[in-house]
Amino acid sequence: MSERTPDVLNKVYEFEAADDARRAGVYPYFKPFDYNDGPEAVIDGERVTMFGSNNYLGLTTHPRVREAAVSAIGTFGTSMTGSRFVNGSMKLHGEFEEKIADFLGKESALVFTTGYQVNLAVGSALLRDENCVAVVDRSVHASIYDGVRLGQSAGGRMVRFRHNSAASLDRALSKLKGEQAALVMTDGVFSAEGDIAKLDELMGAVQKRGARLFVDDAHALGVIGPGGRGTAHHFGLEDDVDLIGGTFSKSLASVGGYLVGERKVLDYIRHFAPSFMFAASGSPSSIAAAMAAFDVMQEETWRMDKLRENYTYMREELEGAGFELGATESAVIPIYVRDDALTLQFWSTLLKDHAVYTNPFISPGVLPRNSLLRTSYMATHERKHLDRGLEALRSVGKGLGVI
Ligand SMILES: Cc1ncc(COP(=O)(O)O)c(C=O)c1O
């Protein structure tokens, strides 16, 4: 038997899972869309019902949002070709920062190129010494873990607490040494599970310890809280949450991210976070589109009402059909299948035989026992879209023994 010589590419040649899935015709990723209009999309010339997008308010095709992007290109060109730190800031970025801070009731805001970079920035800038500990809900988004890893490489530590458990957070905080300072980190609405962080319960432990709290509201802005202000406002705790981050890539129909909090904290982050300082800034068209969507979100409040009506309808119907949905209370509705192969089969049958697009979450992204189909909903879904999808989910779910 010949042994391979050490080579960084050995793992590459040994990676078979994607090719196996392609051969079996169930590879679910990187599917190119011909168009994606919102509630429906076109894949390989075929119209599909879209149950797998984060376009929660349906604004990616809104005339004002399109027009803002086009007009920004006409006025400012296509890119700033530099980072915020140097030649990449425009008045547009600053104007949007003021609007976001004002909307969320915080002193200051920063606009980032992506939401992912927001979380890299928080971890890398705030955890960069030995006495700092990130105390992280186990189910947070990968970008929070990556940010924490950057902090760890500069001396910070990490401990995790049980998903959405105030008792577990309290235990984790009480085990810290006296000289250690804690940053508690959680998603506001969890990206796979769709449940809402119980900030009202977690806050007791945070305050008892004198810790700081960061909430990633990527899936909460425009979805929960008064006027779509997100999780902290949902609980009336906006003055107690130190930092709120989020993205423009979901309700705001663009690409980019934001962070709000105390002016002094954000000023520190903008001088110590490489993901903010050394990456090109959001293009004028992305910022202009997000700003237009932000205005539309506040003016066309019916969208949030319709979104809530739609996801409530789907949750009740899916539960009634016998699917296991967990504790979702948002526009993200997971359907637990708890088996990787069955999840892929469910996903591919829905798409091939019923033209319904969903997102499969399988290992290693989640534990195999937690594999699920993630469905998500929009304000622009009409009842006919929801009912068509429901019929398909019920029929395939029954056929495969999921219900
Ligand atoms: C909870 C959460 N945080 C952060 C991000 C990253 O945001 P973006 O897509 O803007 O990089 C996502 C997006 O997938 C997310 O779901």
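Numbering of ligands and ligand atoms starts at 1, following listing order. These numbers come from a predicted model, not from an experiment.
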Q. Pairs in or reaching into residues 23-39: which pass side chain to side chain donor-acceptor pair (under 3.5 Å), with residues at least two apart or in two chains?
A.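 Sorted pair list: Asp20-Arg23.
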Q. Relative to the ring of Phe346, is the ring of Phe323 parallel (under 30°), tilted (30 to 60°) or perpendicular (over 60°)?
A. parallel
Q: Quick one: list whatever passes ring pair (Phe, Tyr, Trp, His ring centres under 6.0 Å) with Phe190, sequence neighbours left out.
A: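 Here the qualifying residues are His163.
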Q: Could you name the protein residues that come within less than 4.0 Å of ligand 1, counting only heavy atoms, and order them by chain and residue number?
A: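 Within the 4.0 Å shell of ligand 1, which is judged on heavy atoms, sit Thr114, Gly115, Tyr116, Asn119, His141, Ser143, Asp187, Ser191, Asp216, Ala218, His219, Thr247, Ser249, Lys250, Gly256.
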Which pairs of donor and acceptor atoms, one on a side chain in residues 349-358, lie under 3.5 Å apart (sequence neighbours left out)?
from, atom 1, to, atom 2, distance (Å)
Thr349, OG1, Gln345, O, 2.6
Lys352, NZ, Gly25, O, 2.6
Tyr357, OH, Asn359, OD1, 3.4

Q: Could you tell me if the ring centre of Tyr377 sits under 6.0 Å from that of Phe51?
A: yes
Q: Before accepting this row, confirm whether a basic side-chain N of the pair Lys208/Asp170 lies closer than 4.0 Å to the acidic partner's carboxylate O.
A: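 Salt bridge flag = yes for Asp170 with Lys208.
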